Enquirer: 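So that we are looking at the same thing, I have put the structure below in structure tokens.
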Amino acid sequence: MSEPRSYWTYLELDRLLDAQRPASAEGGREPAHDELLFIIIHQAFELWFKQVLWELDAVIAALSDQPVPEAALGPAVHRLERIVAIERVLVEQFTVLETMTPLDFLDFRDELIPASGFQSVQFRLIENRLGLAPERRLRILGAPYTSRLAPEHVALLERSEAEPTLIGVLDAWLARTPFLDWGDGDFLRAYGAAVEGVVASERRVVAENPNLDAVSRQQHVDANEATVRTFEVLLDPTRWEDERAAGRRRLSHPAFLAALMISLYRDEPALHLPWRLITAIVDLDEGFTAFRQAHARAVLRAIGGRIGTGGTSGHGYLEAATARHRVFADLTDLATYHLPRRVLPALPNELRERMGFRFERG
């Protein structure tokens, strides 16, 4: 029988608390006071990254099943929402790090060279699990993102690029959505008719509005035409897939349509949990954007316009990655295609029954 565990031994605190070793103290020197804070903050980041990977792997595995069991959706949503909560903690940690002033950082900054945060293998694994395409990644002084890593870490990341991703399994799951078939018609045709009505109504409002002068009226007309062109791409599967081939879209046309329908008819019982899953992924994507922004801000506060310890442009590199490394922009863009509830096509009765709770029908 094993010995009773204590709090100390269960958490392996001997090992954990011995892992903070300031480089500034090497050679018997007096350590820079704030280096301990710097180490602890970044070790905490890595511990949370490990948890994020654990949750992502579970979600990807659940959505990889064909079909995805209905009972798996609830836990998947819960795990995604947990990641979102972790992201808030990650961002908040920067407020603690920012108590370290630029002068405090300079006390030990040279000891870090050439180490840098972009060498976080776990964060790169998270990006790969989400589905960040290699061609979308910023290069580091013209070299691939793996160029500053140990060979074993390069191999690990290259293997991860070939493994299932969250956006990949999400696309496949959405594309299998059965509710796009409306019997005698389909969602796309009914939605397109509603779009025509909305566009015509907006044109009338602009033409008949007595408060608009000629310049303002033309601006509204131009905006309306831009909206029409946006909808035209959505209503034409071929044009949508051309946009996807050009890298301007990630989700396939069937998958995006399914996500749109789920978003528009989210109050139907069968669609509410899928809508929460989509919402959680949007929150997750925005959470990592907020994390990158907070990281860029912290670097700007600490070193200003200096080159980063790893040789990148520092703040400039991080700021550029904030927008470029997003994965789920298509889901955020769903709002572009929302229509008022009052003009949404009515669901066919048979389809509405399929989406409802069985016990309501007796």
Side-chain angles (χ1 to χ4, degrees), residues 170-171 173-212 216-244 248-283 286 328-357 360-361:
L170 176 72
D171 188 286
W173 173 67
L174 286 170
R176 297 193 300 269
T177 298
F179 301 125
L180 294 175
D181 181 3
W182 286 19
D184 293 337
D186 57 30
F187 166 68
L188 182 59
R189 186 176 294 110
Y191 174 81
V195 167
E196 289 181 5
V198 169
V199 169
S201 175
E202 290 178 352
R203 283 174 175 159
R204 285 195 301 271
V205 169
V206 171
E208 298 170 3
N209 191 330
N211 298 319
L212 294 176
S216 297
R217 195 180 307 280
Q218 187 58 50
Q219 289 174 341
H220 280 78
V221 168
D222 293 343
N224 183 268
E225 292 305 314
T227 299
V228 169
R229 290 192 294 272
T230 299
F231 279 109
E232 285 175 347
V233 174
L234 174 63
L235 297 173
D236 186 338
T238 300
R239 290 180 65 180
W240 180 275
E241 292 301 333
D242 287 344
E243 290 286 294
R244 191 180 181 209
R248 290 186 287 271
R249 291 290 179 182
R250 291 296 305 274
L251 291 177
S252 65
H253 189 255
F256 188 84
L257 278 185
L260 179 60
M261 182 181 174
I262 289 168
S263 182
L264 293 174
Y265 296 94
R266 64 194 186 198
D267 294 333
E268 299 301 324
L271 299 183
H272 190 71
L273 200 54
W275 171 70
R276 284 185 56 198
L277 187 142
I278 290 171
T279 301
I281 292 177
V282 170
D283 291 342
E286 291 178 351
F328 297 96
D330 282 350
L331 294 182
T332 305
D333 198 35
L334 284 171
T336 302
Y337 304 96
H338 283 182
L339 303 178
R341 283 189 172 95
R342 66 179 182 277
V343 303
L344 288 180
L347 294 171
N349 289 334
E350 186 272 337
L351 181 60
R352 185 180 291 277
E353 287 189 3
R354 287 169 55 200
M355 290 182 179
F357 293 118
E360 285 185 344
R361 301 193 296 272

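For the single chain, residues carry numbers from 1 onward in sequence order. In this text the structure is predicted, and so the values were computed from the model without any measurement.
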Enquirer: Using salt bridge (charged side-chain N to carboxylate O under 4.0 Å, His left out) as the criterion, list what pairs up with Arg176, not counting sequence neighbours.
Expert: none
Enquirer: Out of Arg248, Arg250, Arg244, Arg249, which one pairs with Asp330 under the side chain to side chain donor-acceptor pair (under 3.5 Å) rule?
Expert: Arg249
Enquirer: Which residues satisfy the ring pair (Phe, Tyr, Trp, His ring centres under 6.0 Å) test with Phe231, sequence neighbours excluded?
Expert: Tyr337
Enquirer: List the residues meeting salt bridge (charged side-chain N to carboxylate O under 4.0 Å, His left out) with Arg203, not counting sequence neighbours, and say none if there are none.
Expert: Glu225
Enquirer: Sort out for me which residue in Phe179, Phe187, Trp182 forms a side chain to side chain contact (heavy atoms under 4.5 Å, CB included) with Leu347.
Expert: Trp182
Enquirer: Just jot down the side chain to side chain contact (heavy atoms under 4.5 Å, CB included) partners of Ala259, sequence neighbours excluded, or say none.
Expert: Leu174, Ile278, Leu331, Leu334
Enquirer: With sequence neighbours left out, what residues match Asp222 under salt bridge (charged side-chain N to carboxylate O under 4.0 Å, His left out)?
Expert: none
Enquirer: By side chain to side chain contact (heavy atoms under 4.5 Å, CB included), which residues pair with Val205, not counting sequence neighbours?
Expert: none
Enquirer: Who pairs with Arg189 by salt bridge (charged side-chain N to carboxylate O under 4.0 Å, His left out), at least two apart in sequence or on another chain?
Expert: Asp186
Enquirer: Measuring from atom CZ of Arg266 to atom CE of Met261, what distance do you get when rounded to the nearest 0.5 angstrom?
Expert: 14.5 Å
Enquirer: According to side chain to side chain contact (heavy atoms under 4.5 Å, CB included), who are the partners of His220, at least two apart in sequence or on a separate chain?
Expert: Val206, Leu212
Enquirer: With sequence neighbours left out, write down each residue that passes side chain to side chain contact (heavy atoms under 4.5 Å, CB included) with Leu235, or none if nothing qualifies.
Expert: Leu188, Tyr191
Enquirer: Going by ring pair (Phe, Tyr, Trp, His ring centres under 6.0 Å), name the residues that satisfy it together with His272, two or more places apart in sequence or in a different chain.
Expert: Trp275
Enquirer: Can you name the side-chain hydrogen bond (donor to acceptor under 3.5 Å, both in side chains) partners of Ser252, sequence neighbours left out?
Expert: Asp171
Enquirer: Assess the residue pair Val233 and Asp242 against the criterion (side chain to side chain contact (heavy atoms under 4.5 Å, CB included)); give the C-alpha distance rounded to whole Å, side-chain angles, the decisive distance to 0.1 Å, and a yes or no.
Expert: CA-CA 9 Å; Val233 174; Asp242 287 344; over 6 Å; no
Enquirer: Would you mind listing every salt bridge (charged side-chain N to carboxylate O under 4.0 Å, His left out) that reaches into residues 334-344, with sequence neighbours excluded?
Expert: Asp267-Arg341
